[in-house]
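Heads up: the structure comes next, in structure tokens.
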Amino acid sequence: MHGYDPKEIEEKWQDHWQKSGIYEAKDFSDLPKYYLLIEFPYPSGDGLHVGHIRSYTAMDIISRKRRMEGFNVLYPIGWDAFGLPTENYALKTGKDPKVVTKENTDTFRRQIRSLGLSFDWSREINTTDPKYYKWTQWIFLKFLEKGLAYKAKIPINWCPKCKIGLANEEVVDGNCERCGAPVEQKEKEQWMLAITKYAERLDKDLDEVDYPDRVKIQQRNWIGRSEGVLIKFDDIEIFTTRPDTILGATFIVVAGKEDKFTGRFVTNPATKEKIPVWEAEYVMSDYGTGAIMGVPADDERDMEFAKKYKLPIVEDYQKAGFEDFGKKVTKYRLRDWVFSRQRYWGEPIPVIHCSKCGVAPVPEKDLPVELPKVEKYQPREDGESPLANIDEWVNVTCPKCGGKAKRETDVMPNWAGSSWYFLAYLFNKEGFASSASIENWKLQIENFRHFMPVDWYNGGMEHTVLHLLYSRFWNKFLYDLKLVPTSEPYKKRTSHGLILAENGEKMSKSKGNVVNPDTIVKQFGADTLRLYEMFMGPFEQAIAWSEDALVGPRRFLERVWRLKTKVAKGQTLDTDSQGLTLMHQTIKKVSDDIESMKFNTAVSSLMIYVNTLDKKNKISQEEFKTLILLLAPFAPHITEELWLLLGRKDSIHIQNWPTYDSKKLIKDEIILAVQINGKVKANVLVSRDQSEEEIKTMALALPEVNKWLKGKKPERVIVVPRKIISIVT
RNA sequence: GCCGGGAUGGCGGAAUUGGUAGACGCACACGACUCAAAAUCGUGCGGAGUAAUCCAUGAGAGUUCAAUUCUCUCUCCCGGCACCA
């Protein structure tokens, strides 16, 4: 007999699965569908992170269980490949980002394949593929058509040294991330998307979806719904959530750059008194009406301001009725989405500027507006995109009047492609490649109806506000155009915890503490790596990597491998009642734990099962078959090989998921603990059909119990069936 | 400051609606096998104590026959938002 060697079996099965196509979802199927989604990776030059594997394996386990339960499972993958690291790398090396992206996705694809994940590779997408961003641009044109995309002059983060606009993420403590120079605010015309028009629904519809509470709370905080009233103090309108405090309002503050008295007075409509109007820094110009009423007695900041400038303070005043003054409004903290970047590596915004016609959308038939080749990825002195240097690309004729016109040179932010990718997976190949038009989109609607919404979306907490909110917004917009079947894209959202370095720090290239999955696969095998990542700790919690702990799962798999020699050949060996109970308990435990993402305890229950089987001389086919079926989603290669060795011809991954018999879950005899005054003093073996009275008598007859009672009569005896016996003296 | 989540052996962690705290794994120790080592198997492994027994789930109180679990107060750690009226 040869020992367990993952090298001999893992690649073999990966190739086999790829050829047989057992993980491909069917576009038209009578089976119920199940759509599982992971956040598609940004293919960075660092290669796959062990953190990616945690999420992908978890969802792979659920995908595999669903397949075995008879669903038409869709578990797709692709590349969210536009972004700054690639552009910065291109800037440094002069390499074409397209080439860099190709290299990186090749590495990622190879690494992901080496893990035996059951992705449907036939639906692989890449946001930087012109066939893909053609549709991203098309959706943008729909926003433009409906008046939800507009241009506005807004302040942006500007690095005067690099002469470049920075995303908020690139500003570290007010300084440029790259050169360290202090960042300035500069007014610039930017494309905006009117996400605030959807604020109410984005807030309210959270009630309908199954997201963790902390995710809902974070989204709601970000949207920042607040109900209040607008009240006019003469010509100054203020916003407040506490109109009942109006009798205590002794001044008005409007947003300003410094604290100063304006010299004006207005009338408090409730008290009819003249109160001063001040300007102050602490009032925000872009929230509410940019003006507030100062009620020192009810607001700490107003009190501080009043004390500082010796403004009147009224401590005792009557509360007014909520609706006595002003008109009710709902305000949101959410801002419209700045959708322009003065960069190269993004989707060109498909509009043309004509001096006569103004902004003209690029006609559908001319999509995609492809990124031209450029010599230098360096942004220009004036902060415009490197695209602005390509005259032959910029200078075009106006699609409306045919006169001379110029292309928009801004590109979209990296959130654009990921705002609709869950739909891109559903396109059939021809539809995806065909011209971007409403007719071709509508040809996909049957697929959308079959697969949407996403049944289960797992991702990181870092995407809770932006990506999750943006993609919900795009989906709702498309829903309003009757282009998708559901108002919410994701039915259920869960999130995984980070994997940290051994010392508890974040893994990073600069710290040199990154774990390379290739090394682990080589040394331990993909099945061990998968099992380890599931076993290491609670899925939703951050956890430190431990090289030492990997041997545990590896030893477990070796034990499973050796167990096959104990399987009784030929006739079926009967399983004793203890063994039968454990088998059914294990089926229940593993099944339940997968659903609640308690993968660590699912693995430990499999370990208990294996340890028990290993103590026997012979085990039945049934026991072994159940074991490898339950293990198959976690360790797909070794179980496929063992399935073959059992003499089965078809894949283990398309077999039926084991079911348990609830009648077999309970043992005939169990040991109950006996407590005296809250402390365990003895144990008693009882059978399942004994009455409470019988159990009580047995417990009181125990020598250990009599020793403690010393002949006294107990005050109370509590029998909790199947749990405990508690004696109180 | 506000919101959310945590704290259990040497380590990662487990513990149903409150019911034998420490499952499972790592590390460690001893034993078996071996000329030896590795691998494997077996035993032990929260603390104190010869033992009976006592003490232990961040700290302190409370409810209960019984609290890691429920309530209150406090300390520390992590994540998010940050003058939002």
Side-chain angles (χ1 to χ4, degrees), chain A residues 3 212-222 224-226 228-229 238-243 245 249 253 255 280-295 298-302 304-305 331-335 460-462 464-465 495 497-498 500 502 504 531-532 535-538 540-556 558-559 562 589 592 598 600-611 614-615 671-684 707 714-729:
Chain A
D213 283 342
R214 57 183 176 146
V215 171
K216 287 192 186 183
I217 288 165
Q218 272 192 39
Q219 284 218 9
R220 289 211 153 105
N221 287 346
W222 189 263
R225 180 191 164 91
S226 107
V229 295
I238 62 103
F239 172 69
T240 179
T241 56
R242 295 291 307 277
T245 65
V253 193
E281 231 188 320
Y282 82 92
V283 173
M284 330 264 294
S285 60
D286 58 353
Y287 185 77
T289 59
I292 61 154
M293 60 180 190
V295 186
D298 245 281
D299 187 289
E300 268 181 49
R301 290 155 308 172
D302 293 348
E304 207 184 302
F305 192 76
K331 291 279 175 178
Y332 295 91
R333 188 182 312 189
L334 189 69
R335 295 285 103 89
M461 280 305 284
E462 70 275 18
T464 296
V465 275
S495 48
L498 288 177
L500 306 166
E502 300 230 18
L531 208 57
Y532 166 66
F535 183 59
M536 68 195 299
E540 71 289 350
Q541 240 171 68
I543 197 158
W545 183 262
S546 167
E547 190 89 34
D548 290 342
L550 270 155
V551 292
R554 172 64 193 245
R555 282 178 192 152
F556 165 73
E558 282 172 5
R559 190 173 281 201
R562 284 198 304 267
K589 179 78 179 149
D592 292 353
K598 288 186 197 155
N600 52 335
T601 51
V603 174
S604 90
S605 73
L606 285 167
M607 285 172 168
I608 293 168
Y609 188 44
V610 167
N611 290 346
D614 204 26
K615 288 199 173 71
I671 297 163
L672 289 187
V674 183
Q675 282 188 344
I676 299 174
N677 293 332
K679 298 239 158 84
V680 177
K681 300 296 180 188
N683 288 310
V684 61
K707 186 180 139 197
E715 203 172 287
R716 256 172 98 187
V717 180
I718 301 154
V719 177
V720 185
R722 315 208 58 79
K723 298 246 159 113
I724 209 159
I725 300 149
S726 186
I727 300 168
V728 189
T729 61

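Below, each value reflects all heavy atoms present in this structure, side chains not excepted, and no hydrogens, waters or symmetry copies. Throughout, a chain's letter reflects where its sequence line sits, starting with A, and its residues are numbered from 1.
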Grab the CD-P distance between E502(A) and A27(B) for me, whole Å please. 13 Å
Do you know which two heavy atoms are closest between V728(A) and N677(A), and how far apart they sit? CA-OD1, 3.5 Å
N600(A) near the nucleic acid: base, sugar-phosphate alone, or nothing, with a heavy-atom cut-off under 4.0 Å? sugar-phosphate
Given the P atoms of U64(B) and C11(B), what is the spacing between them in whole Å? 36 Å
Assign V674(A) to base, sugar-phosphate, or nothing according to its heavy-atom contacts below 4.0 angstrom with the strands shown. nothing
P gap between C35(B) and C28(B), integer Å: 25 Å
side-chain N/O R562(A) vs C41(B) OP1/OP2, d < 4.0 Å: yes
Provide, to the nearest angstrom, the distance between the CD atom belonging to E540(A) and the P atom belonging to G5(B). 12 Å
Using the glycosidic torsion, which applies to G42(B): syn (within 90° of 0) or anti (everything else)? anti
Roughly, in whole Å, what's the span from NZ in K589(A) to P in C24(B)? 13 Å
Name the nucleic acid region contacted by R214(A), choosing base, sugar-phosphate or nothing; use a 4.0 angstrom heavy-atom cut-off, strictly under. sugar-phosphate
Using the P atom in both, what is the distance from G47(B) to C3(B), to the nearest Å? 41 Å
What is the nucleic acid contact for D302(A), judged by heavy atoms within less than 4.0 Å: base, sugar-phosphate only, or nothing? nothing
In whole angstrom, give the distance that lies between atom CD of E304(A) and atom P of A85(B). 17 Å
Can you find a pair of side-chain heavy atoms, one from W222(A) and one from T464(A), that are under 4.5 Å apart? no
Identify, residue by residue, the members of residues 543-552 of chain A with a heavy atom below 4.0 Å from RNA chain B, and return them in order of residue number, or none. I543(A), D548(A), V551(A), G552(A)
Heavy atoms only, 4.0 Å cut-off, all strands: where does P553(A) land among base, sugar-phosphate and nothing? nothing
Give the minimum heavy-atom separation between I724(A) and A673(A), together with the two atoms involved. CG1-O, 3.4 Å
Say you pick atom C1' in G46(B) and the same atom in G10(B); how far apart are they, in whole Å? 10 Å
Using a 4.0 Å heavy-atom cut-off, does K679(A) contact any base of the nucleic acid, only the sugar-phosphate backbone, or nothing at all? sugar-phosphate
Check: R555(A) and M607(A) side chains under 4.5 Å, non-hydrogen atoms: no
Nearest whole angstrom, please: distance from the C1' of G1(B) to the OH of Y282(A). 16 Å
Check the pair Y609(A), D614(A) against side chain to side chain donor-acceptor pair (under 3.5 Å), reporting the backbone distance first and the verdict last. CA-CA 9 Å; Y609(A) 188 44; D614(A) 204 26; over 6 Å; no
In whole angstroms, how far is the C1' atom of G42(B) from the NZ atom of K615(A)? 10 Å
Nearest-angstrom distance, P atom, A23(B) to G12(B): 15 Å
Check every strand shown and say whether M536(A) touches a base, only sugar-phosphate, or nothing at a heavy-atom separation below 4.0 Å. sugar-phosphate
For the C1' atoms, the ones on G4(B) and on U8(B), what distance do you get once it is rounded to whole angstrom? 22 Å
When you measure from the side-chain N and O atoms of R559(A) to the phosphate of C41(B), is any distance below 4.0 Å, counting only OP1 and OP2? yes
Could you tell me whether K681(A) contacts a base, only the sugar-phosphate backbone, or nothing, with contacts defined as non-hydrogen atoms closer than 4.0 Å? sugar-phosphate
For RNA chain B, please output the secondary structure as dot-bracket, reading 5' to 3'. Pairs are Watson-Crick or G-U wobble, both atom distances under 3.5 Å; mark crossing pairs with [ ], other-strand partners with |, unpaired with a dot. (((((((..(((......[....))).(((((.......))))).(((....)))..(((((..]....))))))))))))....
Side chains of M293(A) and T240(A): does their closest heavy-atom pair fall under 4.5 Å? yes
Side-chain heavy-atom pair R335(A), Y287(A) within 4.5 angstrom cut-off: yes
Check every strand shown and say whether S226(A) touches a base, only sugar-phosphate, or nothing at a heavy-atom separation below 4.0 Å. sugar-phosphate
With a 4.0 Å limit, can you tell me whether N611(A) has a side-chain N or O closer than that to the phosphate oxygens OP1/OP2 of G25(B)? yes
Establish, with yes or no, whether the OP1 or OP2 oxygen of A85(B) is under 4.0 angstrom from a side-chain nitrogen or oxygen of Y287(A). yes
If you look at every strand shown and take non-hydrogen atoms under 4.0 Å, does R225(A) touch a base, only sugar-phosphate, or nothing? nothing
Interatomic distance, S495(A) atom OG to M461(A) atom CE [nearest 0.5 angstrom]: 5.0 Å
When you measure from the side-chain N and O atoms of R555(A) to the phosphate of C26(B), is any distance below 4.0 Å, counting only OP1 and OP2? yes
On RNA chain B, check which nucleotide each of V465(A) and P538(A) is closest to and give me the residue with the more 5' one. P538(A)
Between C3(B) (C1') and K216(A) (NZ): distance, integer Å: 17 Å
Detail all sub-3.5 Å separations between protein N/O atoms and N/O atoms belonging to nucleotides 64-68 of chain B.
{"from": "C65(B)", "atom 1": "OP1", "to": "R716(A)", "atom 2": "NH1", "distance (Å)": "3.0"}
{"from": "C65(B)", "atom 1": "O2", "to": "S726(A)", "atom 2": "OG", "distance (Å)": "2.5"}

Donor-acceptor side-chain pairing of N611(A) and R559(A) below 3.5 angstrom: yes
Between G12(B) atom P and M607(A) atom CE, what is the distance in whole Å? 17 Å
How is I217(A) classified with respect to the nucleic acid when contacts are heavy atoms under 4.0 Å: base, sugar-phosphate, or nothing? sugar-phosphate
